[in-house]
*Asks:* 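Before I ask anything, let me first share the structure, which is written out below as structure tokens.
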Amino acid sequence: MKLTQYIFIILMIIAVTTKPSFSTVSEVEIERRAKKVEQSLRCVVCQNQSIAESDAALAKDMRQLVRSRIRSGDSDEAVLDFMQTRYGDYVLLKPPVQKNTFVLWIAPFAGLILFFCWLIYRSRNPVTETLEVSSLSSDEKNKLNKLKENIKR
Amino acid sequence: MRRLLPLILFIIVSLGFAIGLSKDPRALPSQMIDKPFPEFILSDLFEPEKQYSKVDLENEISLVNVFGSWCISCVQEHRMLMELSQNKTVKLIGINWRDTRPAAERWLTRYQNPYSKIIFDEESQLAIDLGVTGAPESFLVDRSGYIRYKHVGIITPEVWNNILLPVVQDINNDINSP
């Protein structure tokens with residue numbers, strides 16, 4: 001290898017391993033955690049967006065609050081709890097598992113299990129469709145004969 | 001039975017929709033009822049040096065009203081608030097939310113000021129603590145600083161007479177019969 005290539009590699013290693021001076025690791029960490037928390041909080045003004053993606057003024061203030069709480073040492077769960085005690089379960093985009101959301105959580109799994117039960121039942125007891133042909137009544141036989149004669153003519 | 005199954009399923013699903021769709025998705029349940037009013041330290045709208053805290057709400061029944069000069073519905077409820085400020089059943093406290101001081105002052109000189117105190121909440125600090133989602137929103141706070149009722153939307157004379165006034169009377173009865 002040429003000397004310039006060595007120098008290049010060394011510079012790359014330095015660039016990758018040293019911290020950039022303008023931001024500390026904890027700032028990056030705060031940013032990453034704040035993003036995650038913001039994505040799981042509903043914007044209460046614009047109901048189908050998270051506060052991470054909303055332009056509403058209140059969402060902006062909520063983002064600020066999330067950041068300041070994380071910065072002051074709150075865990076992610078504590079921040080979510082904080083919002084939940086103020087805005088209710090509603091503010092959480094992922095509904096918590098509790099009494100009134102039990103059906104919501106259990107229904108898809110129950111449906112899946114029922115479907116498999118049905119599949120197994122079907123494979124053990126295959127449906128044999130037997131065609132039962134009942135014989136024609138004398139009345140129907142007369143009708144049929146008439147029709148046949150009509151065709152012959 | 002087999003033939004009725006689709007019909008039964010249809011009825012169950014329709015009932016589900018009937019209940020689900022008749023609810024107002026904007027009506028959020030209030031978490032704050034019967035909880036103490038949140039702690040706060042915020043400045044007065046007119047005098048930035050003057051600070052308010054939760055203590056300023058105590059000893060009187062207060063109607064805390066969240067408003068802003070940008071809020072169109074606030075103009076509609078304003079006349080009712082003026083009336084309430086005159087009959088003195090409750091102390092009217094304003095939270096000027098996400099506003100600028102000059103804009104709020106202009107709004108109040110234009111429409112008159114019904115509030116005895118106005119807390120300036122520029123960055124939603126108190127608003128988020130109260131679980132406010134929009135203006136106008138009003139909270140009835142009892143003498144010991146507990147939130148007793150939250151009303152989302154305009155206070156019309158009907159809302160006052162049929163909903164808020166009975167709560168005020170309840171609070172007064174609490175005091176008389178311990």
Side-chain angles (χ1 to χ4, degrees), chain A residues 34 37-38 41-52 54-72 74 78-93 95-96 98-104 106-108 110-111 114-115 118 127 129, chain B residues 2 5 9 12-13 15-16 19-21 23-42 64 66-73 95-100 103-104 120-137 139 147 150 152-153:
Chain A
V37 172
E38 283 158 11
L41 284 171
R42 187 199 298 267
C43 165
V44 286
V45 190
C46 30
Q47 311 204 333
N48 287 323
Q49 282 185 311
S50 72
I51 62 167
S54 169
D55 281 332
L58 183 57
K60 195 187 123 213
D61 288 343
M62 280 173 143
R63 285 198 294 270
Q64 236 170 37
L65 186 91
V66 166
R67 264 146 230 254
S68 77
R69 291 203 80 88
I70 289 177
R71 200 164 281 132
S72 65
D74 271 13
V79 178
L80 290 176
D81 271 1
F82 176 89
M83 288 296 189
Q84 194 187 358
T85 49
R86 279 150 188 84
Y87 287 99
D89 296 336
Y90 180 83
V91 82
L92 305 174
L93 279 174
Q98 56 193 26
K99 250 191 223 159
N100 62 345
T101 57
F102 187 68
V103 174
L104 181 74
I106 219 73
L114 278 177
F115 172 72
W118 177 79
V127 185
E129 282 186 31
Chain B
R2 247 195 130 82
L5 200 65
L9 278 177
I12 291 171
V13 171
L15 276 177
I19 294 165
L21 292 177
K23 280 183 183 169
D24 181 5
R26 280 166 209 279
L28 311 181
S30 179
Q31 295 293 307
M32 300 305 292
I33 292 181
D34 289 329
K35 287 198 183 140
F37 199 86
E39 301 283 343
F40 67 95
I41 295 172
L42 287 167
V64 181
V66 180
F67 77 105
S69 66
W70 45 268
C71 156
I72 294 154
S73 328
I95 299 178
N96 183 239
W97 180 38
R98 286 207 63 88
D99 212 343
T100 60
F120 184 59
D121 188 13
E122 194 178 13
E123 289 171 328
S124 314
Q125 288 173 42
L126 182 55
I128 292 176
D129 261 352
L130 281 167
V132 167
T133 56
E137 227 167 83
F139 297 83
I147 296 172
K150 172 189 179 181
V152 178

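Note that these values count all heavy atoms, side chains included, but never hydrogens, waters or copies made by symmetry. Here is the naming used below: chain letters follow the sequence lines, and residue numbers restart at 1 for every chain.
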*Asks:* Looking only at heavy atoms, which two atoms of A/Tyr87 and B/Thr133 are closest? And how far apart?
*Replies:*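 What the structure gives for the nearest pair is CE2-CG2, 3.7 Å.
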*Asks:* Yes or no on side-chain contact (heavy atoms from CB on, under 4.5 Å) for A/Leu58 and B/Ile128, after CA distance, side-chain angles and deciding distance?
*Replies:* CA-CA 8 Å; A/Leu58 183 57; B/Ile128 292 176; 4.0 Å; yes
*Asks:* Taking only residues two or more places apart in sequence, or in another chain, which ones meet B/Ala103 in a side-chain contact (heavy atoms from CB on, under 4.5 Å)?
*Replies:* B/Ser69, B/Asp99, B/Thr100, B/Arg106
*Asks:* Considering only heavy atoms, which portion of A/Gln84 lies under 4.5 Å from any heavy atom of chain B: side chain, backbone, both, or neither?
*Replies:*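 For A/Gln84, the backbone is the part near chain B, not the side chain.
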*Asks:* Might you confirm whether atom CD1 of A/Ile106 has over 12 heavy atoms from other residues, nucleotides or ligands at distances under 6.0 Å?
*Replies:* yes
*Asks:* Heavy-atom count around A/Asn100 CG within 6.0 Å, excluding the residue itself: above 12?
*Replies:* yes
*Asks:* Roughly how far apart are A/Asp61 CG and B/Arg98 CZ, rounded to 0.5 Å?
*Replies:*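 Separation between the atoms: 4.0 Å.
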*Asks:* Would you please name every residue forming a side-chain contact (heavy atoms from CB on, under 4.5 Å) with A/Ala56, sequence neighbours left out?
*Replies:* A/Cys43, A/Val45, A/Cys46, A/Ser54, A/Ala59
